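This report concerns only the one structure given below.
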Amino acid sequence: MKYDFKGIEEKWQKNWEDNKAFAIKENPDKPKYYALEMFPYPSGNLHMGHVRNYSIGDVVARYKTMQGFNVLHPMGWDSFGLPAENAAIKNGTPPADWTWKNIDNMRDQLKRLGFSYDWDREVATAKEEYYKFTQWMFLKLFENGLAYKKKSFVNWCPSCQTVLANEQVVNGKCERCKSEVGKKDLEQWFFKITDYADRLLADIDKLKGWPDKVKSMQTNWIGKSEGAEVKFKIDGTDKELTVFTTRPDTIYGVSYMVMAPEHPIVDELISGKPEEAECRAFIEKVRGMSEIARSSTDTEKEGVFTGTYMINPISGEKIPLYLANYVFLDYGTGVVMGVAAHDQRDFEFAKKYNLPIRIVIQPEGQNMKEEDMTEAFAAEGIMENSGEFNGMNNRDALKKIIAYMEEKGIGERKINFRLRDWLISRQRYWGAPIPVVYCEKCGTVAIPEDQLPVRLPENVEFTGQGKSPLSECEDFMNTTCPKCGGKAVRESDTMDTFVCSSWYFLRYCDPKNDKMPFSKEKTDYWMNVDQYIGGVEHAILHLLYARFFTKVLYDQGYVSCQEPFENLLTQGMVLKDGSKMSKSVGNVVSPEEIIEKYGADTARLFILFAAPPERDLDWNDTAVEGAYRFLNRVWRAVDELSEYAGGGAVDGTNLNETEKKLHFAVNAGIKKVTEDFDRFSFNTAISSIMETVNALYQYKDAVNAENYNKELIGEALRSIVLMLSPIVPHITQELWEILGNSENLFDTPWPKFDERALVVSEVEVVVQINGKIRDKMMISADLDPKGMQDVALANDKIKELIEGKQVVKVIAVPQKLINIVVK
RNA sequence: GCGGGCGUGGCGGAAUUGGCAGACGCGCUAGACUUAGGAUCUAGUGAUUUUAUCGUGGGGGUUCAAGUCCCUUCGCCCGCACCA
């Protein structure tokens, strides 16, 4: 019989579907396991990255189930977002229609890959029954002061016609469409993620099962820096400007101040001054710079004197205030103290504008001179020119100076974060409407919980021009105030899709709940996610937001966990010819064509075998053939040997040498594959299964059919099929049936190895002389180091080699090697 | 600049605790079966001047023993970045 992958895959996929084979319920008698893969955006078709992501997740889910865990393995759709709306603009199809059609197609593709999802738990963020609770989340944040509206200078993508969160601007470009992002002064909704900056940072330490890379990316993104805020008086006025500095120890070295050109006080400071015209020209120039140019390290530092002087609060010195392109309004206070001697940027700026450079920290034992400096000195040293702090180590002085400033009321200790609040409003249609109205009398009013959802209207037009479609839909916009019943206008912005995906893993625990997003009871059973799997591109955005939501929900008593994802695996990309598969390069291999040509099992096997999960994987057509060949080899083995397969246990005490070899190979294989699955080393697990299959072929070759040991053949075939089943579920289920079994492999216990089969009487050990291998010999496995030494020294070849030399030392490692050190 | 990672045959990769470097697969070579082979099976396949020597980016070190530990250096990839 030939391996008919097509018929087999269709047969079992139908069987699983008809029997709801992967539906799961809470079961207090079993340990639970939550295996989750990042849900896809329904673009229309699966790509190889999806296949890889979901193949890894499926192996984990199936393996854990076989090991007796009650496994939650759900799938859904991150289905709000711009492509649907862009398609609507282009072809006039409503975003909803486009989205549901794509979901149907992709669900079908997932099913053809045989993934073990509980489809009863499927969620789609664009469905009313889901986004109603996304709106509920907004309300919970709003009620607790964590959602607020403010006017600010925000990122604006001219192509997407919407604002973007900081996290969605990559190198000054829109994360989605790569257009250059501009700035706009708009009133927008924010989530106060900065309130959680400290906890989001501190709890990174608790994420033991996360890759260091992701943890360090989040740490950098949150960007904590410790220092002080210091108040400087504006000369000739009562007003003060506050600066943030991480180096209060250099305060005596401040020789000028710099301010962001966008700073709100600039206008007042320069008005009427002789420098006004020059300053205004400079502000215009900086405004005209692109975000990328502005924030690039290569951009030359430029500035202009404001005509204003400041007073150093600690030395009383009068110093000039400049505007400069290297100071940013959105970090710290937008005002920086210039310490030319001890900060490289300040050094360059001071050199350019001939500002004084004053050393206040000397490298220990040196006497540096200002005029000799070619770069700033930023390392540790001894204080000088710093009044009462002279002679101290600068680290000690730093603390003392903060204390001094706090005492005098001129400054205080301050921790600053790079993290900004999360801008969540989007001027687009296809998203969850922000559940807020603006009432003439009551002002901003949140929609009460029991009136959710705020439905997305369907009678909207997509012109791609001007404002958001919702703002032009009068039926939607004109409403009544839930508080006073008077006239009110709805918020026309929708929420960033990352809001929807910040809680979907909770919804899977209780997907049909129509009263609440989820019940505490259900999330208490299933959470945390034991294994989360997805691309590293979500290292900051999604993973940070999801952690934030979990903490907010924890604080409000809705969940018991403070971190949602116990273990995280970031899988590598799928490449072809060394570069990322993309339409423009023309190196795309579609999952469909591979399934068509070789079947889903081959696709899964190849993708898991070709590289470890975290590493990039280069697609290789001939290696795919190799995977297909291996499945055929397994198929033939079962096909030819199944009639000899006995059901009983192998009597390990009564085997000949050939039989022992196979018995050993099978049990060693189970041991190795189990260990490899436990550490997600699927490529080596597969190679071990291949070795087991090779051992079976060797046995088959060496023994005549009439002498087959039926129990042994049965053990080998069953073990191979069981070990392969999480990886290639269709062919193994068929083979399982051929071997006379009827149960679903998914529910069959994972094979156990027999410790006794692994016991060997003799082992091969290496004999080294001075660390170089000189011979190998078979010795009794239980020989102790002393015994091994005696055997080795009695070996003729060794005797000859060490003849006339003095044996200094002999090291013997049981069952491994003997090293004889001679002189 | 800061942070994370990587560097092993012709290729993908293995070596989990310092203990036989190159498992397994791809490719290649030969043989068997065959009218035929792009099927299948078997054997071989790091290099070289092949009783042996060399070999895990380079240099140095620790050790009886180093791909693995330490120091140093080069190259590549990813993330952040005029962050005060």
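Note that this is a predicted model, so its numbers are computed, not measured. Residue numbers begin at 1 in each chain, while the letters A, B, ... track the order of the sequences.
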If pairing means Watson-Crick or G-U wobble with both distances under 3.5 Å, then the partner of B:C28 is B:G44

Can you tell me how far P in B:C54 sits from the matching atom in B:G18, rounded to whole Å? 25 Å

The glycosidic conformation of B:G9, counting syn as within 90° of 0 and anti otherwise, is syn

Does the pair A:Arg413/A:Glu226 count as a salt bridge with the N-to-O cut at 4.0 Å? yes

- Message: When you measure from the side-chain N and O atoms of A:Arg615 to the phosphate of B:C78, is any distance below 4.0 Å, counting only OP1 and OP2?
- Response: no

task = Ignoring backbone atoms, establish whether A:Arg629 has a side-chain N or O less than 4.0 Å from OP1 or OP2 of B:G27.
result = yes

Winner on side-chain proximity to A:Arg636, out of B:U40, B:A84, B:G19, is B:U40

Check your understanding: Quick check: does any side chain N or O of A:Arg345 sit under 3.5 Å from a backbone N or O of A:Tyr326, one acting as donor and the other as acceptor?
Key -> no

Taking B:C82, B:C20, B:U42 as options, the one with an atom nearest any side-chain atom of A:Arg633 is B:U42

Among B:C64, B:A15, B:G79, the one nearest any side-chain atom of A:Met217 is B:G79

- What interatomic distance, in whole Å, is found between P of B:G27 and the corresponding atom of B:C20? 30 Å

Picking from B:A84, B:C41, B:C20, the nucleotide nearest the side-chain atoms of A:Val327 would be B:A84

For B:A52 and A:Arg774 - does any side-chain N or O of the residue sit under 4.0 Å from the phosphate oxygens OP1/OP2? no

Quiz item: Would you say a side-chain N or O of A:Ser688 is under 4.0 Å from OP1 or OP2 of B:A23?
Solution: no

Side-chain donor-acceptor pair under 3.5 Å between A:Asn416 and A:Ser225, yes or no?
no

Under a 3.5 Å limit on both distances, the Watson-Crick or wobble mate of B:U51 is none

Under a 3.5 Å limit on both distances, the Watson-Crick or wobble mate of B:G7 is B:C74

What I want to find out is whether A:Asp198 reaches A:Lys224 closely enough, with some N-O distance under 4.0 Å, to be called a salt bridge.
yes

Practice prompt. Just call it for A:Pro211: base, sugar-phosphate, or nothing, with non-hydrogen atoms closer than 4.0 Å on any strand.
Written response: nothing

**Prompt:** Going by atom types alone, do A:Asp249 and A:Asn394 pair a side-chain donor with an acceptor below 3.5 Å?
**Reply:** yes

Taking only the P atom of each, what is the distance from B:A21 to B:U45 in whole angstrom? 16 Å

- Item | Ring-face cation contact, A:Tyr331 with A:Arg418, 6.0 Å cut, 45° max | no

Taking a pair to mean Watson-Crick or G-U wobble geometry with both distances below 3.5 Å, B:C80 pairs with B:G1

Query raised in the report: For A:Lys809 and B:C64, is the shortest distance between a side-chain N/O and OP1 or OP2 below 4.0 Å?
Result: yes

Quick note, A:Met690 side chain, CB onward, closest among B:C24, B:A84, B:A65 is B:C24

key: Distance below 4.0 Å between A:Asn620 side-chain N/O and B:G25 OP1 or OP2   = no

Does B:G1 have OP1 or OP2 under 4.0 Å away from a side-chain N or O of A:Arg345?
no

| message | Under 4.0 Å, heavy atoms only, any strand: does A:Asp676 hit a base, just the sugar-phosphate, or nothing? | response | base

When you check the phosphate oxygens OP1 and OP2 of B:G12, does a side-chain N or O of A:Asn683 lie under 4.0 Å from one of them?
-> no

inquiry  = Please report the distance separating the P of B:A66 from the corresponding atom of B:U53, rounded so that it comes out in whole Å.
reply    = 15 Å

